[in-house]
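Notes for the one structure printed next.
By convention here, the first residue in the shown sequence is residue 1.
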Amino acid sequence: MQIVEVTDDATGVAAKNIEKWELSMSPQEFLDLPSILIGTAADIADRLVELRETTGISYLTVLEPVLEQFAPVIELLRGVDARAEW
């Protein structure tokens with residue numbers, strides 16, 4: 001993933017990134033990009049399930065600097081796969 005940040009202020013983090021990269025889009029448009037995972041652990045897990053269902057994306061890479069903050073997302077996703085009816 002290009003940007004991963006577990007936070008309670010997804011819109012604020014998105015706005016900061018938009019400003020940093022001088023982009024011309026709304027925070028919601030930024031958050032909707034498939035390479036952006038910003039939000040609570042539950043929000044990110046839901047987003048990944050949505051991406052898998054709508055695009056087929058089922059593998060991702062999270063870089064080492066954010067591995068620890070991403071761990072709760074992995075735990076939530078394990079629960080999703082355990083409930084899945086394959």
Side-chain angles (χ1 to χ4, degrees):
M1 300 313 293
Q2 204 62 24
I3 296 176
V4 176
E5 186 166 340
V6 178
T7 179
D8 289 331
D9 184 17
T11 302
V13 172
K16 287 179 184 175
N17 278 284
I18 291 167
E19 183 179 335
K20 175 182 176 180
W21 298 104
E22 300 178 2
L23 302 174
S24 298
M25 61 177 51
S26 72
Q28 189 56 56
E29 290 171 321
F30 185 79
L31 292 169
D32 288 343
L33 295 170
S35 60
I36 305 298
L37 294 176
I38 300 172
T40 65
D43 291 340
I44 292 172
D46 290 345
R47 176 76 170 134
L48 288 170
V49 170
E50 175 190 346
L51 284 170
R52 180 172 65 179
E53 291 172 353
T54 60
T55 68
I57 294 172
S58 60
Y59 291 90
L60 64 116
T61 301
V62 176
L63 300 178
E64 187 175 354
V66 295
L67 285 179
E68 286 188 31
Q69 68 171 302
F70 196 73
V73 177
I74 294 169
E75 289 303 315
L76 291 169
L77 291 172
R78 284 185 180 140
V80 169
D81 281 341
R83 293 188 308 271
E85 295 182 26
W86 301 106

Supply the atom-to-atom distance [X] [atom1] to [Y] [atom2], rounded to the nearest 0.5 angstrom.
X     : Y     : atom1 : atom2 : result
Asp46 : Leu51 : CG    : CG    : 11.0 Å
Leu37 : Leu48 : CG    : CG    : 5.0 Å
Thr11 : Ile18 : OG1   : CD1   : 9.5 Å
Ile3  : Leu63 : CD1   : CG    : 11.0 Å
Ile38 : Leu31 : CD1   : CG    : 5.5 Å
Glu53 : Thr55 : CD    : OG1   : 10.0 Å

With a 4.5 Å cut-off on side-chain heavy atoms, are [Y] and [X] touching?
X     : Y     : answer
Val66 : Glu5  : no
Glu29 : Leu23 : no
Gln28 : Asp32 : yes

Shortest non-hydrogen separation from [X] to [Y] and the atoms involved:
X     : Y     : value
Ile44 : Gly39 : CD1-O, 3.6 Å
Ala41 : Pro72 : CB-CB, 3.9 Å
Ala15 : Pro27 : CB-CG, 4.4 Å

Under a single-linkage definition using a 4.5 Å side-chain heavy-atom cutoff for Ile, Leu, Val, Met, Phe, Trp and Tyr, are [X] and [Y] assigned to the same hydrophobic cluster?
X     : Y     : value
Val80 : Val4  : yes
Ile74 : Val49 : yes
Val13 : Met25 : yes

Selection residues 63-76 - residue pairs positive for side-chain hydrogen bond (donor to acceptor under 3.5 Å, both in side chains), sequence neighbours left out:
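Applying side-chain hydrogen bond (donor to acceptor under 3.5 Å, both in side chains) to every pair that reaches into residues 63-76, excluding sequence neighbours, yields Glu75-Arg78.
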May I ask you to say whether Glu19 pairs ionically with Lys16, meaning some side-chain N is under 4.0 Å from a carboxylate O?
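Result for this pair is no, no salt bridge flagged.
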Walk me through whether Arg47 and Asp43 qualify under side-chain contact (heavy atoms from CB on, under 4.5 Å).
CA-CA 6 Å; Arg47 176 76 170 134; Asp43 291 340; over 6 Å; no
